[in-house]
> 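This structure is in structure tokens; I'll ask about it shortly.
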Amino acid sequence: MDDTSAYDPLRTNEYTREIFQSMVEKETSLLLEEDFLKKTQTTGISGKDRATLLNWLVGVHGRLSIPTESLWLMVSYFDHYLAKKKINPDHLLLVGGACLLLACKWEQQRPGIIDELIPSFKSCGDKFRAKCRCQNAYRARGLDKDHKVPFCANCTKNAMMSIERDVWAKLDHSLNHPTAVVYIRRFSMAVQARDAARYMAFYFAELCFLDSTLNKYRQSRIAAACLSLAQQVTGKSGWSDTHQ
């Protein structure tokens, strides 16, 4: 499988087995309980609130052309932060932004994106804020001179950077989180999946991260399940010895 990219130095084929073995060991330590939100977020933040925010952040990720890996890391950081600290619902949006900022820095892609994030977060809209239960943060309103829309007085660069530092500390300064997207790419090479199947697997995996209860499963298993389903939908056999 790795022979096809043997001459690509960016693939680091000589270290591939060790890298993925380390990822498998790491992902086991990052598993969360199915009801981690109920145990930690006594303020009432629910799985629906989480899904609403993440769904909106997927749109932000697309508009700002943020790499897919950063999106997935953001979800992992967000969940592990919520599992360790009770937060005010009014800060939920800022926590998501801080996690996305950290993910961009870890991937060394768009580390200065905070200046692009803040305008998006300030003008996220009343309908979204109501769904996300962070509408109380918007009681102190003003008029954004650039966008001509009501904005959140709490959504500032300093506020996001402050939460970013707290997320960094609560994650024990460890940002190397294995994600399903990396496994899907690897597994797709192993089974020689077509582009249609691979992209469909990414879509299924994005649907999975909207469900907080799936954090009890390893990312590699989620990736394998999504690729297997995508293979079946696109007319290929869903599971084989190679998948195993």
Side-chain angles (χ1 to χ4, degrees), residues 1-32 34 54-55 57-58 61-62 65-80 99-100 102-111 171-172 174-244:
M1 174 173 63
D2 295 314
D3 292 341
T4 57
S5 56
Y7 299 103
D8 184 352
L10 296 179
R11 295 286 187 178
T12 60
N13 289 336
E14 63 269 33
Y15 307 118
T16 298
R17 290 186 179 276
E18 288 81 2
I19 289 172
F20 275 88
Q21 181 59 42
S22 174
M23 288 173 57
V24 170
E25 295 172 359
K26 176 77 173 180
E27 67 174 351
T28 303
S29 67
L30 292 174
L31 295 177
L32 297 174
E34 183 176 348
L54 293 182
N55 191 48
L57 286 172
V58 169
H61 143 268
S65 300
I66 298 172
T68 302
E69 290 81 358
S70 297
L71 173 68
W72 280 84
L73 283 174
M74 178 272 294
V75 175
S76 184
Y77 299 163
F78 183 71
D79 284 341
H80 284 83
C99 291
L100 185 56
L102 267 178
C104 289
K105 290 180 177 180
W106 175 253
E107 285 292 323
Q108 298 183 5
Q109 299 281 348
R110 313 277 297 282
L171 295 180
D172 298 324
S174 177
L175 301 181
N176 184 22
H177 288 204
T179 60
V181 67
V182 177
Y183 285 113
I184 289 175
R185 289 201 174 104
R186 180 68 175 171
F187 297 162
S188 295
M189 291 176 60
V191 300
Q192 298 181 337
R194 293 180 298 179
D195 288 346
R198 186 172 73 255
Y199 293 139
M200 187 170 290
F202 288 146
Y203 170 70
F204 290 153
E206 284 190 13
L207 294 180
C208 288
F209 74 49
L210 295 178
D211 187 348
S212 62
T213 63
L214 294 181
N215 277 299
K216 64 180 180 180
Y217 297 112
R218 293 187 300 174
Q219 291 293 301
S220 56
R221 290 194 173 185
I222 292 176
C226 291
L227 183 58
S228 175
L229 179 58
Q231 288 277 83
Q232 293 180 63
V233 172
T234 56
K236 292 281 187 176
S237 59
W239 193 260
S240 66
D241 292 339
T242 305
H243 285 84
Q244 187 66 37

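Sequential numbering from 1 along the given sequence is applied to the chain's residues.
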> When rounded to the nearest 0.5 angstrom, what is the spacing between NE2 in H177 and CG in D79?
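One finds 10.5 Å between NE2 of H177 and CG of D79.
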> Side chains of L31 and R218: does their closest heavy-atom pair fall under 4.5 Å?
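They are in side-chain contact.
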> Could you pull out the closest heavy-atom pair between T234 and Q231, with the gap in Å?
OG1-O, 3.2 Å
> Do the non-hydrogen side-chain atoms of L32 and H80 ever get within less than 4.5 Å of each other?
yes
> Report the distance from atom CG of L54 to atom CG of L100, rounding to the nearest 0.5 Å.
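Going from the CG atom of L54 to the CG atom of L100 covers 10.5 Å.
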> Evaluate the side-chain proximity of W106 to L73: yes if any heavy-atom separation is below 4.5 Å, no if none is.
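With C-beta onward as the side chain, the pair touches.
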> Kindly say whether C208 contributes a backbone atom to a donor-acceptor pair with the side chain of D211 at under 3.5 angstrom?
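Not confirmed, D211 side chain does not pair with C208 backbone.
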> Taking the side chain as every heavy atom from C-beta outward, state whether I66 and L71 have any atom pair closer than 4.5 Å.
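A side-chain contact is absent here, since even the closest heavy-atom pair is not under 4.5 Å.
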> If you measure from OG on S76 to CG on L102, what distance do you get to the nearest 0.5 Å?
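Reported to 0.5 Å precision, the distance equals 11.5 Å.
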> Please report the closest heavy-atom contact between F202 and V181, naming both atoms and the distance.
CE2-CG2, 3.6 Å
> Please lay out, stage by stage, how M23 and R186 fare under the test side-chain contact (heavy atoms from CB on, under 4.5 Å).
CA-CA 12 Å; M23 288 173 57; R186 180 68 175 171; over 6 Å; no
> Side-chain contact, heavy-atom cut-off 4.5 Å: Y183 with V24?
yes
> How many angstroms lie between atom OH of Y77 and atom SG of C99, to the nearest 0.5 angstrom?
9.0 Å
> Check S220 against E27 and note the closest heavy-atom contact, atom names and distance.
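Distance-wise, the nearest heavy atoms are OG-OE2, 2.7 Å.
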> So how far is it from H61 NE2 to M74 CE, rounded to the nearest 0.5 Å?
8.5 Å
> For D172 and S174, which I'm curious about, is there any donor-acceptor pair between the side chains at under 3.5 Å?
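No, S174 and D172 have no side-chain donor paired with an acceptor closer than 3.5 Å.
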> Quick one: closest heavy-atom pair of A201 and L227, and the distance?
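The pair with the smallest heavy-atom distance is CB-CA, 3.8 Å.
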> What is the minimum heavy-atom distance between S70 and A103, and which atoms define it?
O-CB, 3.1 Å
